[in-house]
Amino acid sequence: MSHWQELEHKYFMQTVERTPITLVRGQGARVWDEAGRQYLDFVGGWAVDSLGHCHPVVVQAVTEQVKTLIHTSNQFYTIPQIQLAELLVQNSCLDRVFFGNSGAEANEGAVKLARRYGKLHLDGAYEIITTYASFHGRTLAMVAATGQAKFQKPYTPLPVGFVSVVYNDVEAIKAATTHKTCAVMLEPLQGEGGVNLPGEGYLAAVRDWCNEKGILLILDEIQTGLGRTGTLFAYEQYGAEPDIMTLAKGLASGLPVGAILAKDRASVFTPGEHGSTFGGNPVACAAGYATLKFIIENDIAGNAQRVGEHLASGLESLKQKFQFVTDVRGRGLLMAMEFSRDIASSVVAACLDRGLLVNRLKPNALRFMPPLIISNGEVDEALDILDKSLE
Ligand SMILES: *Cc1c(COP(=O)(O)O)cnc(C)c1O
């Protein structure tokens, strides 16, 4: 262990099993550790570093904003948050925005918004239907919303008002809907829970059901949004516009921002009902505005789509070559590879030795979330390392 790693073990709450390298610098799709070793980054800050590391447009926007105005309270108007809100609304099906600081906080706000809607329009309905294998964040309420026992068991009793049903089964949602239901909350494509794709027609059927019942559809696009799956938002590919959508991860290329977006009819907060001290912070929003503008103007979602196909076909070839690779799945630059045995940790270690960072999604699966600006050449480099590591 290096000096810094020893200090981490001494002073930090041990909530993560970290990869044993200390990163000190990043550029594009590459990062460097304290010994000067270079790595190709297919973890991408957990799908956060959309424009890669230290992209010039982000560096410039942040630098200028830091020199001009770092923070005010939301008692005052500030420009970067309004610019970012306008760009989000102009490029999505939603009408209004609220900014927080993380994904979990955005989802908490979305649930509060749905409960307000329930009080105003659904006779006090407050329950939210979510799915198993979902992931909605680490706050207590979002742990309750997340349909995975491993996140819930250590913290019971959990806040009430959430029911989880099987993913990819609209009948299960119908069966769970009662007079208490105010919304269904889904990731269009489950990320942390396994990179699980929605079945043909699933999201559209859920949308129809929500319309029929007059309840809200909340899409958690925290991982899938901002071009990750090959379109600016994943809902565009599935014919299911949300009433409320949450964003975070890739929105500001690494600065902390979370956002709740809502259609006008679902946008029912009134002054004082929700808030955040740091949310909409000028520096984070300047990074978000620069990131989103670059993504839109340079069709970065299209790049994620094209390079994602290249990555998918390379992973497919590896599946043909190695019998213990049982599945390759995903969309755009959010891909997973599954094995017949629990070898993901040793594959991650073998890739690390050869200079490639990948995420262990499950004991038997890897996840790939490189920057959206990555090239076919860099993908080939990663595939070559993965090939050798699987060997
Ligand atoms: C990461 C993630 C969250 C939580 O975001 P934080 O910023 O870690 O709070 C919520 N939902 C989804 C789909 C995520 O991928």
Side-chain angles (χ1 to χ4, degrees), residues 13 15-16 43-50 98-114 128-148 150-152 155 159 162 164 167-168 183-198 203 217-229 233-235 238 240 242 244-261 276 278-281 284-285 287-288 291 304 330-336 359-362 365 367-370 372:
M13 294 190 192
T15 60
V16 198
V43 177
W46 289 337
V48 165
D49 306 317
S50 24
F98 174 90
F99 291 117
N101 308 281
S102 69
E105 187 189 345
N107 282 339
E108 287 268 343
V111 166
K112 285 173 73 179
L113 187 59
I128 314 266
I129 299 173
T130 70
T131 57
Y132 294 128
S134 61
F135 184 80
H136 298 297
R138 302 289 203 152
T139 60
L140 210 47
M142 286 312 105
V143 163
T146 292
Q148 298 193 57
K150 69 174 176 189
F151 293 118
Q152 299 183 332
Y155 304 110
F162 299 94
S164 293
Y167 180 67
N168 261 333
V184 175
M185 179 156 94
L186 297 173
E187 297 159 83
L189 180 171
Q190 291 183 327
E192 197 278 342
V195 185
N196 307 315
L197 291 163
L203 292 171
L217 176 60
I218 305 172
L219 287 184
D220 175 347
E221 290 237 24
I222 288 166
Q223 187 159 156
T224 54
L226 289 319
R228 175 65 47 189
T229 66
F233 303 108
Y235 75 76
Y238 299 108
I244 301 173
M245 173 169 79
T246 51
L247 300 173
K249 291 196 163 82
L251 182 51
S253 294
L255 270 87
V257 188
I260 313 166
L261 287 82
S276 169
F278 292 117
N281 171 282
C285 287
T291 299
R331 203 75 168 205
L333 287 171
L334 179 57
M335 296 294 302
N359 172 243
R360 194 199 78 134
L361 177 62
K362 295 198 254 184
R367 179 171 43 162
F368 308 93
M369 307 160 274
L372 306 180

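Just so it is clear, the structure is predicted and the values come from calculations on it, not from any experiment. Atoms within each ligand, like the ligands themselves, are counted from 1 in listed order.
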Side chain to side chain, Thr224 and Glu187, heavy atoms closer than 4.5 Å
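Answer no - side chains too far apart.
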Validation row: Ile218, Pro242 side chains within 4.5 angstrom (heavy atoms):
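No, their side chains stay 4.5 Å or more apart.
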Mark yes or no for whether [X], through its side chain, and [Y], through its backbone, hold a donor-acceptor pair below 3.5 Å.
X	Y	value
Thr146	Phe135	no
Gln190	Tyr132	yes
Ser134	Thr130	no

State whether a side-chain donor-acceptor pair under 3.5 Å links [X] with [Y].
X	Y	value
Ser276	Asn101	yes
Glu108	Thr139	yes
Glu221	Thr246	no

Identity and distance of the protein heavy atom lying nearest [atom]:
atom	result
atom 5 (O) of ligand 1	Gly103 CA, 3.3 Å
atom 11 (N) of ligand 1	Asp220 OD2, 2.7 Å
atom 12 (C) of ligand 1	Phe135 O, 3.3 Å

Quick check on contacts: which atoms of ligand 1 are under 4.0 angstrom from a heavy atom of [X]?
X	result
Ser102	7 (O), 9 (O)
Asn107	10 (C), 11 (N)
Ala104	4 (C), 5 (O), 6 (P), 9 (O)
Gln223	15 (O)

Is [X] close to ligand 1, meaning an N/O of one under 3.5 Å from an N/O of the other?
X	answer
Ala248	no
Gly137	no
Glu105	no

Please report whether atom 8 (O) of ligand 1 has a protein non-hydrogen atom at a separation of less than 4.0 Å.
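So atom 8 (O) of ligand 1 lacks protein heavy-atom neighbours under 4.0 Å.
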Select the closest option to atom 10 (C) of ligand 1 among His136, Met185, Glu187, judged by heavy-atom distance.
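Ranked by closest heavy atom to atom 10 (C) of ligand 1, first place is His136.
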Which residue from Lys249, Met142, Glu192 reaches closest to atom 15 (O) of ligand 1 through any of its heavy atoms?
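That would be Lys249.
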Could you go through Asp220 and Asn107, starting from their C-alpha distance and side-chain angles, then the distance that decides it, and tell me whether this counts as side chain to side chain donor-acceptor pair (under 3.5 Å)?
CA-CA 7 Å; Asp220 175 347; Asn107 282 339; 2.9 Å; yes
